[in-house]
2 protein chains.
Amino acid sequence: MATIKDVAKLAGVAVSTASYALNNSKRISTATKERVEEAARQLNYKKNGIASDLKRTKTNTIALILSDLSGPYYSELIKGVQDVTTANGFDLIACSSIGDQQSTAVKFLKEKRVDGAIILAHNISDAITIESAQAGFPVIVLDRDLIDENVYHVEVDNTEGGFIATECLIKHGHENIAYIGGPSASLDNQKRFDGYKQALEQYQLPSHSKWNSIGYFTKEGGYKATKLLIAQGELPDAIFYGNDEMAIGGLQAFQEKNIRIPEDISIIGFDDIQLAEYVHPPLTTIKQPKYEVGALAVHLIFQLLEGKNINSHYKLSTELIERKSVMLKKQ
Amino acid sequence: MATIKDVAKLAGVAVSTASYALNNSKRISTATKERVEEAARQLNYKKNGIASDLKRTKTNTIALILSDLSGPYYSELIKGVQDVTTANGFDLIACSSIGDQQSTAVKFLKEKRVDGAIILAHNISDAITIESAQAGFPVIVLDRDLIDENVYHVEVDNTEGGFIATECLIKHGHENIAYIGGPSASLDNQKRFDGYKQALEQYQLPSHSKWNSIGYFTKEGGYKATKLLIAQGELPDAIFYGNDEMAIGGLQAFQEKNIRIPEDISIIGFDDIQLAEYVHPPLTTIKQPKYEVGALAVHLIFQLLEGKNINSHYKLSTELIERKSVMLKKQ
DNA sequence: CTGTTAGCGCATTCAT
DNA sequence: ATGAATGCGCTAACAG
């Protein structure tokens with residue numbers, strides 16, 4: 001493979017001249033520039049970006065670290081990240097944290113292969129995150145609270161979301177409201193549950209632990225938890241599911257028992273995933289400003305790269321999306 | 001940021017010794033090895049992966065080039081790619097081709113920042129693909145026919161899929177079968193259409209151009225094309241949609257006119273996207289072996305990297321997924 | 001406008 | 001077992 005040296009030789013100029021010519025420096029005459037370009041073409045010269053990066057000690061790319069490239073994709077979030085990154089003339093690569101310590105993600109985090117990183121991957125440990133973040137290598141986390149000098153945090157207000165969801169149910173006349181949540185270890189889940197409890201308290205409604213269950217943030221998780229609830233005999237007026245996937249699993253469980261949503265019981269989800277609009281009935285849910293989260297995260301990276309001082313913590317609001325899975329309680 | 005030099009100095013050894021120690025070479029005594037590691041820890045030393053790659057002229061990572069990171073994700077395909085890549089001890093990064101010539105994808109393709117690439121991005125031109133592919137830099141394309149010495153091609157048999165889809169409709173007694181397809185420029189679309197025509201011909205059914213329309217491979221595209229078809233007055237017995245998204249758009253158009261699927265008209269899609277199972281009625285469709293496509297693509301890259309000779313073209317089969325959108329024609 | 005030169009940070013060959 | 005020296009391919013400061 002041809003290097004810039006070969007190009008320079010063929011064009012009959014010095015390496016530096018070739019470099020300048022190829023990088024469109026205007027200190028080079030049009031004539032030699034063309035000669036160099038012709039030589040490059042003849043040799044099918046491609047610059048080695050790695051060497052270039054090494055020399056400039058700057059990669060012009062930022063990494064988005066996902067727990068699994070094959071998603072469930074936070075496609076809106078990625079769009080936000082992508083838009084702002086390219087608007088700033090930077091490149092974006094996505095890498096997976098599958099494999100934990102051995103993962104591509106860790107390699108990119110630790111080895112200065114990018115200029116900054118956004119982490120949305122629960123399996124990247126706090127220790128690695130802190131270890132990697134340094135002045136000059138900004139790291140934004142989207143999925144955890146993490147206090148460290150060089151780690152910044154953008155989050156959605158899950159507590160508020162949980163509150164709004166529960167309040168929506170309450171305002172539709174429901175009093176016995178269950179919460180079917182995700183893993184207790186999940187911070188998101190804890191906060192949504194907090195919001196739920198706050199709403200019950202504020203509206204002076206009772207909180208029965210028999211109506212609080214936990215499971216996995218998946219369709220199956222929601223399905224099983226709902227089955228269990230049904231088996232209990234007594235049904236609540238309404239259910240707030242920890243996320244949409246669980247709610248969709250719940251939908252299926254109810255359908256199997258011929259319990260109608262929302263006529264017999266109202267349900268609300270959380271996330272506003274694409275599917276939510278398509279299930280029957282269309283799912284009322286809480287929408288997270290995912291695009292904004294992504295866009296803000298990258299924006300912060302650039303602020304940091306420019307040496308600006310910024311806050312270490314940002315919290316964005318949620319929004320109620322009313323569809324058809326919640327209705328007024330019949331008297 | 002500390003470099004290996006700093007580590008060596010602090011440990012009181014030569015740079016080379018530090019390098020060996022850090023890379024677990026067994027030529028280093030346990031004592032000095034520990035001393036070096038301790039120094040590295042103290043300085044929070046992280047190796048510069050870029051320098052390392054440059055020195056070794058090898059990156060150990062391959063790139064998956066997608067037209068848009070924010071999907072619609074070929075999640076099964078990515079899973080195949082990811083599994084095989086990590087099984088071989090390589091890293092995988094995904095990058096987007098948004099921005100065409102200026103995109104991250106082109107940068108990674110051309111600048112030897114990875115050891116091989118898989119392209120699934122219609123907006124990467126053939127010219128760039130050919131220009132980038134070289135002996136020693138394997139490129140696999142998944143979305144086009146492209147004949148070049150160093151470009152390899154794995155594809156799904158779209159013609160067969162189109163045939164199977166149409167045949168399924170025919171076997172359910174339908175005779176007037178429409179094809180609502182994607183852009184005529186799309187190779188996938190052309191081949192599915194070919195399969196459709198072959199099936200009609202083989203079963204000696206008439207092909208009316210009034211029942212062949214083209215649109216975009218999107219929900220809106222399917223919606224509009226279906227509206228048009230309905231507006232025409234006369235309805236076919238069944239419709240083969242160029243992809244699932246279009247079929248789902250069509251579903252909506254029919255619903256608005258109170259035309260029942262499959263009682264009044266049968267429809268079949270192509271792709272078996274996640275949504276297909278959830279719409280009403282669940283969509284009968286053609287499933288592509290996406291995981292296998294991804295896995296095979298990476299496998300080929302490693303074969304090539306090892307200097308093996310392989311075929312330049314691979315074609316995988318499709319499969320009919322019967323759900324509820326096709327039923328026997330009433331007499 | 002063009003050439004000479006010195007690294008970027010690391011892995012590795014060759015001595016010792 | 002360890003160290004000195006070289007160069008991967010490129011950019012940029014400096015000199016001319």
Side-chain angles (χ1 to χ4, degrees), chain A residues 1-40 43-61 107-108 110-115 134 136-137, chain B residues 1-40 43-61 107-108 110-115 134 136-137:
Chain A
M1 303 220 185
T3 74
I4 199 170
K5 244 181 182 164
D6 304 316
V7 174
K9 198 189 294 174
L10 182 60
V13 298
V15 180
S16 59
T17 307
S19 174
Y20 285 128
L22 261 8
N23 288 300
N24 300 314
S25 165
K26 46 190 161 193
R27 25 196 307 189
I28 302 294
S29 71
T30 328
T32 55
K33 184 173 160 156
E34 273 170 10
R35 209 140 37 83
V36 171
E37 282 171 344
E38 175 53 28
L43 296 170
N44 191 24
Y45 166 75
K46 303 273 173 280
K47 95 158 146 193
N48 183 320
I50 295 186
S52 169
D53 284 352
L54 175 60
K55 176 62 194 175
R56 300 180 330 174
T57 58
K58 186 167 188 311
T59 65
N60 245 270
T61 112
K107 174 168 147 187
F108 273 76
K110 295 218 278 204
E111 299 183 0
K112 310 191 184 97
R113 290 167 182 281
V114 287
D115 294 344
Q134 311 191 3
F137 183 70
Chain B
M1 304 221 184
T3 73
I4 199 171
K5 244 183 184 161
D6 304 315
V7 174
K9 198 189 293 173
L10 182 61
V13 299
V15 177
S16 57
T17 307
S19 174
Y20 284 129
L22 261 8
N23 288 299
N24 300 314
S25 166
K26 46 189 162 196
R27 21 193 317 188
I28 303 293
S29 71
T30 326
T32 55
K33 182 172 164 165
E34 273 170 11
R35 207 141 38 84
V36 171
E37 282 171 344
E38 175 52 28
L43 296 170
N44 191 24
Y45 167 75
K46 303 273 173 278
K47 93 161 147 194
N48 183 319
I50 296 184
S52 170
D53 284 352
L54 175 60
K55 177 62 193 176
R56 300 179 329 171
T57 59
K58 185 166 187 311
T59 65
N60 245 271
T61 113
K107 175 168 145 186
F108 274 76
K110 296 219 281 205
E111 299 184 358
K112 310 192 185 103
R113 291 167 180 280
V114 287
D115 294 344
Q134 309 191 3
F137 183 71

Between B/Ala14 and B/Arg56, who's closer to the 5' end of DNA chain D by nearest nucleotide? B/Ala14
Under 4.0 Å: is that the gap between some side-chain N or O of B/Asn48 and OP1 or OP2 of C/dC8? no
Short side-chain N/O contact to C/dT13 OP1/OP2 from B/Tyr20, under 4.0 Å: no
Taken to the nearest whole Å, CD1/B/Ile4 to P/D/dC8 is 19 Å
Minimum side-chain heavy-atom gap B/Arg113-B/Thr61 below 4.5 Å: no
Validation row: B/Asn48, B/Thr3 side chains within 4.5 angstrom (heavy atoms): no
B/Arg27 CZ to C/dT12 C1', straight-line distance once rounded to whole Å: 8 Å
Write down the distance between CD1 (B/Ile50) and C1' (C/dG9), rounded to a whole number of angstrom. 10 Å
Rounded to the Å, how far apart are A/Met1 CE and D/dG9 C1'? 13 Å
What's the NZ-P distance between A/Lys58 and D/dA12, to the nearest Å? 11 Å
With sugar-phosphate meaning primed atoms plus P, OP1 and OP2, does B/Asp53 contact a base, only sugar-phosphate, or nothing at under 4.0 Å between heavy atoms? nothing
Atom CZ of B/Arg113 and atom C1' of D/dG9 are separated, to the nearest Å, by 12 Å
Can you find a heavy atom in the side chain of B/Leu22 that is under 4.5 Å from one in the side chain of B/Lys47? no
Atom NZ of A/Lys5 with >12 non-hydrogen neighbours under 6.0 angstrom: no
Looking at C/dA11, I'd like to know if its phosphate oxygens (OP1 or OP2) sit under 4.0 Å from a side-chain N or O belonging to B/Ser16. no
Out of C/dA11, C/dG7, C/dT2, which has the shortest distance to the side chain of A/Lys55? C/dG7
So, B/Asp115 and B/Thr59: side-chain donor and acceptor under 3.5 Å apart, yes or no? yes
Is B/Ser19 touching bases, backbone alone, or none of the nucleic acid, heavy atoms closer than 4.0 Å? base
Atom-to-atom span, CG of B/Asp6 to C1' of C/dG9 - whole angstrom: 11 Å
Report which part of the nucleic acid A/Val13 touches: base, sugar-phosphate, or nothing (heavy-atom distance under 4.0 Å, all strands). sugar-phosphate
Describe the nucleic acid contact of A/Leu54 in one word from base, sugar-phosphate, nothing, applying a heavy-atom distance below 4.0 Å. base
C/dC8 OP1/OP2 closer than 4.0 Å to side-chain N/O of A/Thr57: no
Does B/Ser29 place a side-chain N or O at less than 4.0 Å from the phosphate oxygens OP1/OP2 of D/dT2? yes
Is there side-chain contact between B/Lys107 and A/Asn60, with at least one heavy-atom pair below 4.5 Å? yes
For B/Thr30 and A/Thr3, take the nucleotide of DNA chain D holding the closest heavy atom to each; which residue's nucleotide lies nearer the 5' end? B/Thr30
Nearest-nucleotide wise, let me know which of B/Thr17 and B/Ala51 is further upstream toward the 5' end of DNA chain C. B/Ala51
Between C/dT5 (P) and A/Lys5 (NZ): distance, integer Å: 13 Å
